[in-house]
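Order of the sequence lines sets the chain letters (A, B, ...), proteins ahead of strands, with each chain counted from 1.
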2 protein chains.
Amino acid sequence: MTTDTERRSWRQNPDAVKQDILTVALSEFAANGLSGTRIDTIASRTRTSKRMIYYYFGDKLGLYTRALEAAYHKVREGEAALNLGHLPPKEALARVVSFTFDHHRKNPDFIRMVMIENIHNAEHLAASQVIHDMNVTAIDKLAQICRRGQEEGVFREGLDPVALHWQISAVSFFNVSNRPTFSAIFGDALFDEEGQQRVRQQMVDAILAMVTRPEAAR
Amino acid sequence: MTTDTERRSWRQNPDAVKQDILTVALSEFAANGLSGTRIDTIASRTRTSKRMIYYYFGDKLGLYTRALEAAYHKVREGEAALNLGHLPPKEALARVVSFTFDHHRKNPDFIRMVMIENIHNAEHLAASQVIHDMNVTAIDKLAQICRRGQEEGVFREGLDPVALHWQISAVSFFNVSNRPTFSAIFGDALFDEEGQQRVRQQMVDAILAMVTRPEAAR
DNA sequence: AGAGAAATGTACTGACTGGAACATTTGAAC
DNA sequence: GTTCAAATGTTCCAGTCAGTACATTTCTCT
């Protein structure tokens, strides 16, 4: 004799379940932060149950860490799309800068995850080996451009690729991360399509002007 | 006949109590975010009790909003210290840039509050009239410098003070806000005293190069 | 086909936490 | 010195939420 309660049958699909959870988790964590996110909310947005979150990810922090890694992974994939061929150094650099700017704009969830990580002093990121390994390529690309630019005599000596990356990231990141407060205070003229074109160009100009040899300035 | 329980006597001091709460609240909110902060923790760090928090600030959001305003207030006070006299435009601008960079570094709690506000899409900041009124002076200062620079023929035409402020803020802000993730990934060479000097100078160079008339470049 | 492991469903709990109820004391004005 | 409002202390609660216990089903291997 069986129980009275109707039991549902289901089809097992571990990978899809994991992926489903991760996708929802990323969007929830990005939207609400670590302590602002509710596991129950994530669960309700998935096709599965809270039970499975704990089954696959252990606890909230485990899930968060995996979501963070997923965010980095997704963004790095997009970056691989950038191919500089053998453009002249100045064009190549301009291309990198523009690309970074646009790429950040297109990935607000990634930006938000990084913001949240910074609030938490990057402790989960530091714990993730996965992420650490993923991030050197950006620097390599810049280093190559710098070297070529210097060999051809159009760039200044003593450029530091990391410092250059820092500056490019700063503006591209801030443009997304601080849009809410900035536009709340100064209006959103900089954030419509035309405004974004302008600030993007302004950044390209600034970076190029900075790396270019004074004598070689057009 | 009185009750058996010992009742403590105390001295009333509303202003000091409010101030005490606000100071602690700011530091807690800056450290842990809005949902990460516990009212009980704030209470335990004050000289008074949780009761008084609700008495003076209504609820958690009320306290948070006031703490946010306090953060802005404190930082704006510091900014007023900057006096440009009548330096030549290029020097004045360089001074503003350097100052902003240093000032942000010296006020990490403010930065963190702004980060947190951005996570929340600036909804509390937008609701605060106080803050909105406080923020125009920075732009005015830049606008004046730009005008003088253009009159003297050393700056390009078509400069937008807001866009300029945006760029200066971006780098100065990012330098503090994203230090944890950046140094976790790329090392902290940029964040010791010498590294900070370098990136600061790099930013000054970039901004000056950008606003300077091509012909007028030394 | 059956046995054991992997995957999933359902219901529950213990701790935490924002906030409120109730009681008392201080201070100022008359 | 009485009165009344403002300020403070003490205690508790009702909802929330991360995490768990227990039961069941599906899958895989032989």
Side-chain angles (χ1 to χ4, degrees), chain A residues 1-29 31-68 116 120 123-124, chain B residues 1-26 28-29 31-68 116 120 124:
Chain A
M1 193 168 194
T2 64
T3 50
D4 281 350
T5 59
E6 300 180 28
R7 289 287 178 168
R8 308 244 172 73
S9 70
W10 68 84
R11 177 67 32 100
Q12 287 188 185
N13 197 349
D15 290 341
V17 166
K18 266 188 272 194
Q19 191 51 55
D20 185 19
I21 293 173
L22 213 47
T23 305
V24 174
L26 174 55
S27 110
E28 282 292 319
F29 280 123
N32 307 322
L34 178 47
S35 39
T37 290
R38 303 288 150 243
I39 295 283
D40 285 298
T41 308
I42 295 178
S44 73
R45 282 185 52 197
T46 60
R47 259 170 279 110
T48 73
S49 66
K50 183 158 73 157
R51 177 70 181 74
M52 299 314 291
I53 295 176
Y54 287 96
Y55 187 66
Y56 284 122
F57 299 94
D59 57 10
K60 194 181 182 179
L61 264 185
L63 180 58
Y64 171 81
T65 307
R66 299 287 301 275
L68 181 65
I116 289 160
H120 294 281
E123 48 193 40
H124 318 96
Chain B
M1 190 165 196
T2 65
T3 50
D4 279 352
T5 60
E6 300 180 27
R7 289 287 180 167
R8 307 243 173 75
S9 69
W10 67 84
R11 178 68 30 102
Q12 288 187 185
N13 197 349
D15 290 343
V17 166
K18 267 188 273 195
Q19 191 52 54
D20 184 20
I21 293 173
L22 214 46
T23 306
V24 174
L26 175 54
E28 283 292 319
F29 280 124
N32 308 350
L34 179 46
S35 38
T37 290
R38 303 288 150 243
I39 295 282
D40 285 298
T41 309
I42 295 178
S44 73
R45 283 186 51 197
T46 60
R47 261 170 277 110
T48 73
S49 65
K50 183 158 74 157
R51 176 70 180 76
M52 300 314 291
I53 295 177
Y54 287 98
Y55 186 67
Y56 284 122
F57 299 94
D59 58 9
K60 193 180 183 180
L61 264 185
L63 180 58
Y64 171 80
T65 307
R66 299 287 302 275
L68 181 65
I116 289 160
H120 294 281
H124 318 96

Student: Near DNA chain C, which residues from residues 45-54 of chain B have a heavy atom under 4.0 Å away?
Tutor: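 B:Lys50, B:Arg51, B:Tyr54, in order of number.
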Student: Using whole Å, report how far NZ of A:Lys60 lies from P of D:dA18.
Tutor: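 These atoms are roughly 5 Å apart.
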Student: Tell me whether B:Thr46 contacts the main-chain N or O of B:Asp20 through its side chain, where contact means a donor paired with an acceptor under 3.5 Å.
Tutor: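 Side chain of B:Thr46 to backbone of B:Asp20, a donor-acceptor pair under 3.5 Å: no, none is there.
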Student: With a 4.5 Å heavy-atom cut-off, do B:Tyr64 and B:Thr37 have their side chains touching?
Tutor: no
Student: Distance from B:Ile39 atom CD1 to B:Lys50 atom NZ, nearest 0.5 Å?
Tutor: 8.0 Å
Student: Atom CD1 of A:Ile42 to atom P of D:dT16: distance rounded to whole Å?
Tutor: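 Result: 18 Å.
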Student: Rounding to an integer number of Å, can you tell me how far B:Asp20 CG sits from D:dA7 P?
Tutor: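 So the CG-P distance, B:Asp20 to D:dA7, works out to 16 Å.
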Student: So which atom in B:Phe29 and which in B:Ile116 form the shortest heavy-atom distance, rounded to 0.1 Å?
Tutor: O-CD1, 3.1 Å
Student: State which of D:dT8, D:dA18, C:dG18 makes the closest approach to the side chain of B:Arg38.
Tutor: C:dG18
Student: Rounding to a whole Å, what distance do you find between A:Tyr55:OH and C:dA7:C1'?
Tutor: 5 Å
Student: Using a 4.0 Å heavy-atom cut-off, does A:Thr41 contact any base of the nucleic acid, only the sugar-phosphate backbone, or nothing at all?
Tutor: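 It contacts nothing in the nucleic acid.
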Student: Check the distance between C:dT17's C1' and B:Leu63's CG and give it to me in whole angstrom.
Tutor: 15 Å
Student: Answer with base, sugar-phosphate or nothing: what part of the nucleic acid does B:Thr37 contact at a heavy-atom distance below 4.0 Å?
Tutor: sugar-phosphate
Student: Please work out if B:Tyr56 contacts a base, only the sugar-phosphate, or nothing of the nucleic acid, heavy-atom cut-off 4.0 Å.
Tutor: sugar-phosphate
Student: Ignoring hydrogens and angles, tell me if any N or O in the side chain of B:Lys18 forms a donor-acceptor pair with the backbone of B:Phe57 under 3.5 Å.
Tutor: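 Between the backbone of B:Phe57 and the side chain of B:Lys18 there is no qualifying donor-acceptor contact (under 3.5 Å).
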Student: Let me confirm one number: the NE2-CZ distance from B:His124 to B:Arg66, rounded to the nearest 0.5 Å.
Tutor: 15.0 Å
Student: Is the shortest heavy-atom distance from the side chain of B:Val24 to the side chain of B:Glu28 under 4.5 Å?
Tutor: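 Result yes, sub-4.5 Å side-chain heavy-atom pair found.
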Student: Measure NZ/A:Lys18 against C1'/C:dA7 and give the value in whole Å, please.
Tutor: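 Those two atoms, NZ and C1', are 11 Å apart.
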Student: What is the distance, to the nearest angstrom, from the CD atom on B:Gln12 to the P atom on D:dG9?
Tutor: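 Checked: the CD to P distance equals 10 Å.
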Student: Let me know the distance between CG of B:Asp40 and C1' of C:dA15, rounded to the nearest Å.
Tutor: 13 Å
